[in-house]
Chemist: 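What follows is a single structure, and I will ask about it in a moment.
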Amino acid sequence: MDLKLEKKEIVNILEEIGTLLELSGENPFKTRAYSAGARALEARTESLAELIESEELEEIKGIGKALKEKIETLATTGELEYYSNLRAQFPSTLFDLLKVPNLGPKKVKALYSKLEIDSLEKLEAACKEGKLEELDGFGKKTEEKILDGIEHVRKFSERVLYPVAEEAAVPLLELLKKQRGTIRVSLCGSLRRKRETVKDIDIVVSSKKPEPILKAFVEHDSVTSVSGHGETKASVVLENGMNADLRVVSDEEFPFAVHYFTGSKDHNTQMRARAKEYGLKMNEYGYFKEDDTRIGCKDEAEIFSKLELKEIPPELREGRHEIEWAEKDELPELIDYDDLKGTLHCHTTASDGKASLEEMAEAAAELGYEYFGIGDHSKAAFYANGLDEKRLAKQIEEIDAFNKKHKEIRLLKGSEVDILKDGSLDFAEEVLSDLDYAVASVHSIFNLDSETMTKRLIKAIESPGITFLGHMTGRLLQQRDEYVFNMSKVLDATEKNGKWIEINANPHRLDLDWRTCLEIRDRGILFIINPDAHNTQGISDNRYGINVARKAGLTKEHVANTRSLKEFLSLLKK
DNA sequence: GCCGTTTTCGGCCCGACTGTTTTCAGTCG
């Protein structure tokens, strides 16, 4: 089936239609139906062609007759009149205005229709001239807030990588923990769900006296401005540009508030719907019967058990399969942070690493790993000082010598072999046969057409000397999109040849994405979590890879390097 | 626009906070 648009592109268009409908003042539920439909489509792992051919689109919850037809029209023709008509009503630059905090569709529409403001520049000028005060519902304070907001959007419009958010959250959590009136503290939001990128930091505290806790929060050293400060909640902007929200509730309410603010939105919606089936109303303060009697719960586990659900780990709460799993007692026992017994794909000073082979090995041993795979670049990665056959042979000798001397950790001989443009490898098979393992990666020529790139990857994964593909999609979070290829076909080849798939744990990559892991798991393909470390600290990045695996719902059985050295070596032989 | 073992029509989550109001609309999470 030949499609004009990829699934991702259609998801984006549906989202955009949702926003455009908001701007045009449509029924909010209709608006929501488009963004809900977009998310529902995105969550499916099947390719769009499969969904259309098998007539399954309309089976997806959140996609009805109208959306099905629009999706199919977009997929087959690449166009949709309904969409282009909507787009013609508003300039696309209005989307920039929506990014300004406290500016929503209603206000943006008023700005556009009454003052012809359609860009951040025009908005800024109008604020400075005091023009906004002419409009109903706008005043001096709004103008000031908008000016601050424009500044903020220009500086920090992006979400930040998980480790950046985590680093900013830790001191706040510590501050809150040591406040006198604090009973319990929990990180919430996407940071608690271990998303790969995070927009703001959400924290919930339980206490009998909220005021002093809120005060301590807004006065913390890392706070540069206070954007809201009420009786039970406060919002601040941190010096790294992130927003942080604190909510203070009573201790009885705490588990509900924590669950509520952990989200995701979709997960919460599904939980509330389920609560309703049990005759309960659910909000951030508790369960309520129809006569408004409150039913308390001591912790999150009890919140779930009241609805006959097993406790769902925060990482899984994305509104995908978790409630179904919890209902059937089929929640996977998620892989844990100390389950990795070894790791591969690490660099040394031989190529572009910053630490020597010995330093890297010692650091790995200190982390408790039983085995550690060196994987320096091959000669085509010339920008990274890749090794040629001669230098690789020398490194193999060094590794043999190291293993003779050291018993605390076993070094594995390996290489990160470049996949050349035509899919052939940078080293011949006889060179690879001297190694314990080899990871094949694309490091150049990303802009091939889908068919060529797919063939390229398949040819690499079919090579006998290759153990797994490294960072398979090539994405760099917030920097570079995945290259275009047919993942299904590459996975077919991976499965057929008994190869593995890497979860690259570098926080800039996190490649694979957790959203696609489930399909791979169900094919029976093994994963391996590697840090792609270029220095000794980088080895610990594996915990971000574990985040991905947990979000995907993987257990340790699904991940090759949870095996002991002995088991791992026999896996490699296969 | 979607959805339904109380419904094919009438619901669709809802509370805190802010600013501009003089009782509430808009935004956010």
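Values below: every heavy atom of this structure, side chains too, minus hydrogens, waters and symmetry copies. On a predicted model such as this, the values are computed, not experimentally measured, just so you know. Labels below follow one simple rule: chain letters A, B, ... track the order of the sequence lines, proteins then strands, and each chain is numbered from 1.
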Chemist: Expressed in whole Å, how much space separates the C1' atoms belonging to B:dG15 and B:dC9?
Modeler: 28 Å
Chemist: Determine the interatomic distance between C1' on B:dG11 and the same-named atom on B:dT6; round to the nearest Å.
Modeler: 14 Å
Chemist: Give a yes or no on this: more than 12 heavy atoms of other residues, nucleotides or ligands lie within 6.0 Å of atom CD of A:Glu133.
Modeler: yes
Chemist: Give a yes or no on this: more than 12 heavy atoms of other residues, nucleotides or ligands lie within 6.0 Å of atom CG of A:Asp522.
Modeler: yes
Chemist: Is B:dT5 in the syn or the anti form, by the rule that syn lies within 90° of 0?
Modeler: anti
Chemist: Expressed as a whole number of Å, how far does the P atom of B:dG1 sit from that of B:dT5?
Modeler: 23 Å
Chemist: Base, sugar-phosphate, or nothing: which does A:Ile17 touch, judged by heavy atoms less than 4.0 Å apart?
Modeler: nothing
Chemist: Just the rounded figure in Å: distance from P of B:dT6 to CD of A:Glu277.
Modeler: 9 Å
Chemist: Separation of A:Tyr287 atom OH from B:dC13 atom C1', in whole Å?
Modeler: 14 Å
Chemist: Determine the Euclidean distance between corresponding P atoms of B:dG26 and B:dT22; express it in Å to zero decimal places.
Modeler: 15 Å
Chemist: The side chain of A:Lys276 is closest to which nucleotide in this list: B:dG29, B:dC12, B:dG1?
Modeler: B:dC12
Chemist: Considering only NZ, NE, NH1 and NH2 on the basic side and carboxylate oxygens on the acidic side, decide whether A:Lys70 and A:Glu81 come within less than 4.0 Å.
Modeler: no
Chemist: If I take atom NZ in residue A:Lys65 and atom P in nucleotide B:dC2, what distance separates them, rounded to the nearest angstrom?
Modeler: 10 Å
Chemist: Where the side chain of A:Tyr285 is concerned, which of B:dG29, B:dG15, B:dC13 is the nearest nucleotide?
Modeler: B:dG15
Chemist: Expected output is a numbered-order residue list: members of residues 237-261 of chain A with a heavy atom under 4.0 Å from any atom of DNA chain B. What is it?
Modeler: A:Asp245, A:Arg247, A:Tyr260
Chemist: Ring of A:Tyr278, cation from A:Lys306 - is the NZ or CZ under 6.0 Å from the centre and inside 45° of the axis?
Modeler: no
Chemist: Suppose you measure atom C1' in B:dT20 against the same atom in B:dC12; what distance do you get, rounded to whole Å?
Modeler: 29 Å
Chemist: Assess the side chains of A:Glu253 and A:Ser250: does a donor N or O sit below 3.5 Å from an acceptor N or O?
Modeler: yes
Chemist: Just checking A:Pro101: base, sugar-phosphate only, or nothing, at a heavy-atom cut-off of under 4.0 Å?
Modeler: sugar-phosphate
Chemist: Contact class for A:Glu231 (heavy atom, under 4.0 Å): base, sugar-phosphate, or nothing?
Modeler: sugar-phosphate
Chemist: Please say whether the positively charged group of A:Lys194, taken as NZ for Lys or CZ for Arg, lies over the ring of A:Tyr162, i.e. under 6.0 angstrom from the six-membered ring centre and within 45 degrees of the axis.
Modeler: no
Chemist: Is a donor from one side chain sitting under 3.5 angstrom from an acceptor on the other, for A:Trp514 and A:Glu196?
Modeler: yes
Chemist: Paired with B:dT8 by Watson-Crick or G-U wobble geometry, both distances under 3.5 Å: which nucleotide is it?
Modeler: none
Chemist: What distance, rounded to whole Å, do you find between the two C1' atoms, one in B:dT21 and one in B:dA25?
Modeler: 9 Å
Chemist: Can you tell me the distance, in whole Å, between the NZ atom of A:Lys30 and the P atom of B:dC12?
Modeler: 19 Å
Chemist: Tell me which residues in residues 106-138 of chain A put a heavy atom below 4.0 Å from DNA chain B, sorted by number, or none.
Modeler: A:Lys106, A:Lys107, A:Gly137, A:Phe138
Chemist: Would you mind reading off the distance between A:Ile60 atom CD1 and B:dC2 atom P, rounded to a whole angstrom?
Modeler: 12 Å
Chemist: Rounding to a whole Å, what distance do you find between A:Glu58:CD and B:dC3:P?
Modeler: 8 Å
Chemist: What are the two closest non-hydrogen atoms of A:Leu41 and A:Leu57, and how far apart are they?
Modeler: CD1-CD2, 4.0 Å
Chemist: Between A:Arg317 (CZ) and B:dG29 (C1'), how many Å, whole number?
Modeler: 16 Å
Chemist: From the set B:dC17, B:dC13, B:dG15, return the single nucleotide nearest to any side-chain atom of A:Lys281.
Modeler: B:dG15
Chemist: Using a distance-only test with no angle check, is there a side-chain donor-acceptor pair under 3.5 angstrom linking A:Glu79 and A:Thr77?
Modeler: no
Chemist: If you find the nucleotide of DNA chain B closest to A:Thr31 and the one closest to A:Thr142, which residue's nucleotide is nearer the 5' end?
Modeler: A:Thr31
Chemist: Rounding to an integer number of angstrom, what distance separates B:dC14 and B:dG4 when you compare their C1' atoms?
Modeler: 23 Å
Chemist: Base, sugar-phosphate, or nothing for A:Thr232, non-hydrogen atoms under 4.0 angstrom?
Modeler: sugar-phosphate
Chemist: Could you tell me if A:Thr262 and A:Arg192 have a donor-acceptor pair between their side chains, going purely by distance under 3.5 Å?
Modeler: yes
Chemist: Go through the structure and list residues passing ring pair (Phe, Tyr, Trp, His ring centres under 6.0 Å) with A:Tyr112, not counting sequence neighbours.
Modeler: none
Chemist: Check this for me: does the side-chain of A:Asp200 come within 3.5 Å of the base of B:dG29 through a donor and an acceptor?
Modeler: no
Chemist: Using whole Å, what does the distance between atom C1' of nucleotide B:dC3 and atom CG of A:Leu67 come to?
Modeler: 13 Å
Chemist: Could you tell me whether A:Lys140 contacts a base, only the sugar-phosphate backbone, or nothing, with contacts defined as non-hydrogen atoms closer than 4.0 Å?
Modeler: sugar-phosphate
Chemist: Relative to the 5' end of DNA chain B, which residue comes earlier, A:Ser227 or A:Leu103, by the nucleotide with the nearest heavy atom?
Modeler: A:Ser227
Chemist: Going by the side chain to side chain contact (heavy atoms under 4.5 Å, CB included) test, name the single residue among A:Ile303, A:Asp202, A:Val204 that passes it with A:Val258.
Modeler: A:Val204
Chemist: Which listed nucleotide (B:dC13, B:dG15, B:dG19) is nearest to the side chain of A:Lys145?
Modeler: B:dG19
Chemist: Between B:dT18 and B:dC13, how far apart are the P atoms? Round to whole Å, please.
Modeler: 25 Å
